[in-house]
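Here is the structure we will look at.
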Amino acid sequence: MPEAIDRARRELLQLGALCASLPLAARAAGASGAGWAPLAQLGYRQLRLAHGPMLNQAQENHALLLNMDEDALLRPFRLRAGMAAPGHDMGGWYDTYAFAPGATFGQWLSALSRYYAITGDAPTRAKVQRLVRAYAATIEAEGRFYQDNRFPAYIYDKLVGGLVDARVLAHDATAVRELHRTTAAAEPHLPSHAMPHNDNAKPGEDFSQHAWDESYTLPENQLLAWQLTGDAHHRELARRFLYDDFFGPLARGENVLPGKHAYSHANCLSSAACAYLALGTPRYLEAARNGFEMIDAQSFATGGWGPAEHFIVPGSGGLGESLKEETRSFETPCGAYAHFKLTRYLLRITRDPRYGDSMERVLYNTVLGALPIRSDGQAFYYSDYTRRATKGFFSERWPCCSGTLPMIAADYAISGCYTDSTGLYVNLYVPAQVSWRQGSAACGLAIHTAYPHAPDIRMTVQVQSPQSFTLYLRIPAWAAGARLRINGRSAGAPPQPGTFAAIRREWRAGDRVELELPLAVRLKSVDPQHPDTVALLAGPLVLMRLVEPGPVPAASLTRAELLSARRVGPGAQAWQIDAAADRVRLHPFIDISGEHYSAYQDVHAA
Ligand SMILES: [Zn+2]
């Protein structure tokens, strides 16, 4: 394939999720102020997950979407357009006049396109094409779909994302035309400006009189649509919906999070990061960075945030208070999806490994432990961090989280590694085969590891001829005592926690890189107001205590007892504490199914 076409195709492959090939205003401006370009994201097929829970989650979501009944998916669009609509109702939030009619359709179209990009599976692409055509037949000039609709901007935005991904990732040539028709139909029904979640809503009100809408990621997807089509109208829509009333204070360092809907506003920060990349406006980067810091400061040890879906007042002890009764601790698939997207942007722009640390925490302690979506639409929504928690499904079928779980599981492929002109950044240590081009040379890296259940990560370099480049390895901030060996020999000074360890050399085929990240056991208080309510961590993992059902509280432990936790056996994912009167068992969130568990423990003095 001629190099220019290959390059254009690779750029297109990247575009769906990242703004990587936007006109690079930020690159001209010197992203992050350090004079470097943002790291590039790999294409969906350039990091192939090997066997493990991430691949399992991706495959089960792919299968779920492939098996969805297409007439049922189309029903809200057909009925609202006054068309005949064979098939059954999906139920839950999805139905024609339900809470959010067809809201997840665009997300599922995105996810299917991403799974096609990952697998090259022909039936997946065929399904994308059938869905685009069937949806296209429901678009009519008056935009009746958006009338008497609580969420015109929210649903339009998801459709834009789906159609952009259908074009870029599943190569559906008709999707651009349908994107144009969709925008023309939706635009008269959109709010005039960025619409904060639920601001105008009253219980039982007639929402046909005004929208109760969420337009938070609309600028992000409009900027992607602009990049794809070159149509400046998308850029203007992006500008119209940039949430400056939120971004302005954040950029000035004012914490305006308290009381705001957590997922929506975290997700909104991706619009700011994308706007920085696309438009080059520094205050949008400041808003995204500061917003992330403020969220991080009110996060649970798991990396989750937003008890009861809302941000708390900093310094209020609200996180610790929430553990008493609030079972809705973190809106898990949606929150994790937003968190991954934001930390990808910020990591790429700043090269600060803390964003990778944060992404990793959210991965292993939240979304990877989500129950699979059932074919009838029952979906995992909240993580529960109360003292006797269980995993369960949301009260209504097909909620928002059934749209985001299939997308984040696909996005594992674009979250692990990044490149620049000097080399490869390894952000997530997951069993995988990575392929990229360093200059004109095809390079590969095979990653073998049971991390974070074991400290060792083995990587093998694959090159056809010796190649000089740098491997940048994320050393988590907690990883004191990390060790690095190249071909069995110590690689010089020990790698520093909280940095990317950079190894520049002429790499040869079969060169071995061995990284050891000691999975230190430690305690972390939920907040300063509740110093004796602690999470037990081993590396990035929160170890959650299995507890008996029933009213009797679990016996409290001392800090020393908690810190004596050991794996039940070599390589085991379960842990136990023998020092206590009763043997205490602990599992990472991934390995909890029907058990009762406590994410936090109350400690007492010895
Ligand atoms: Zn959700």
Side-chain angles (χ1 to χ4, degrees), residues 16 73-83 85 93-110 113 131-168 172 174-197 200 207-243 264 267-268 271 274 400 403:
L73 286 171
L74 270 300
R75 239 174 113 74
F77 299 95
R78 287 171 173 162
L79 287 175
R80 281 176 167 265
M83 295 168 61
W93 282 15
Y94 197 85
D95 281 351
T96 307
Y97 294 99
F99 181 66
T104 36
F105 179 87
Q107 294 172 303
W108 291 332
L109 194 59
S110 279
S113 303
L131 288 175
V132 171
R133 279 153 190 72
Y135 158 71
T138 72
I139 306 170
E140 41 72 47
E142 289 173 41
R144 275 177 284 178
F145 178 80
Y146 301 95
Q147 295 170 6
D148 299 335
N149 190 325
R150 201 183 260 107
F151 292 119
Y154 180 92
I155 300 174
Y156 163 69
D157 181 41
K158 308 301 181 230
L159 288 168
V160 171
L163 291 166
V164 168
D165 281 351
R167 174 65 190 89
V168 174
D172 184 337
T174 70
V176 168
R177 183 181 69 226
E178 306 316 336
L179 174 61
H180 179 75
R181 293 179 63 223
T182 297
T183 301
E187 202 170 338
H189 306 280
L190 297 181
S192 60
H193 60 285
M195 174 65 74
H197 171 90
N200 301 325
F207 57 81
S208 64
Q209 299 306 305
H210 63 75
W212 160 9
D213 213 344
E214 300 180 23
S215 61
Y216 303 102
T217 56
L218 200 144
E220 182 183 26
N221 282 316
Q222 291 299 316
L223 291 168
L224 294 172
W226 170 45
Q227 171 61 11
L228 173 64
T229 64
D231 180 351
H233 186 58
H234 289 299
R235 186 184 56 202
E236 296 320 305
L237 275 174
R239 288 204 166 112
R240 175 171 139 196
F241 284 98
L242 277 167
Y243 193 4
S264 313
N267 210 9
C268 189
S271 279
C274 190
C400 47

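These values consider heavy atoms only, across backbone and side chains, with no hydrogens, waters or symmetry-generated copies.
Counting only heavy atoms from C-beta outward, the side chains of Asp213 and Pro152 approach each other to under 4.5 Å. Annotation: side chain of Leu163 is not in contact with side chain of Val176 (no heavy-atom distance under 4.5 Å).
Not one N or O on the side chain of Arg167 forms a donor-acceptor pair closer than 3.5 Å with the backbone of Leu228.
For the atom pair Leu190 CG and Leu218 CG, the distance stands at 7.0 Å (nearest 0.5 Å).
Taking the six-membered ring where the residue is Trp, Trp108 and Tyr94 present parallel rings, their angle staying beneath 30° rather than reaching 60°. Using bins of under 30°, 30° to 60° and over 60° for the plane-to-plane angle, the ring pair Tyr156/Tyr146 lands in the perpendicular bin.
Ala225 meets the side-chain contact (heavy atoms from CB on, under 4.5 Å) test with Val160, Val164, Leu179, His234; sequence neighbours excluded. Looking at residues two or more places apart in sequence or on another chain, you find a ring pair (Phe, Tyr, Trp, His ring centres under 6.0 Å) between Tyr154 and Phe151. Residues passing the side-chain contact (heavy atoms from CB on, under 4.5 Å) test with Ala184, sequence neighbours excluded: none.
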*asked:* Before you tell me yes or no, could you show the steps for Phe105 and Lys158 under side-chain contact (heavy atoms from CB on, under 4.5 Å), namely the whole-Å CA-CA distance, both residues' side-chain angles and the distance that decides it to 0.1 Å?
replied: CA-CA 8 Å; Phe105 179 87; Lys158 308 301 181 230; over 6 Å; no
*asked:* Using the rule given for side-chain contact (heavy atoms from CB on, under 4.5 Å), can you reason through Leu109 versus Tyr135, listing the C-alpha separation, both sets of side-chain angles and the distance that settles it, and then say yes or no?
replied: CA-CA 11 Å; Leu109 194 59; Tyr135 158 71; 6.0 Å; no
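Looking at Asp148 and Arg80, no side-chain N of the basic residue comes within less than 4.0 Å of a carboxylate O on the acidic one, giving no salt bridge.
Judged purely by distance below 3.5 Å, without hydrogens or angles, the side chains of Thr217 and Asp157 pair a donor atom with an acceptor atom.
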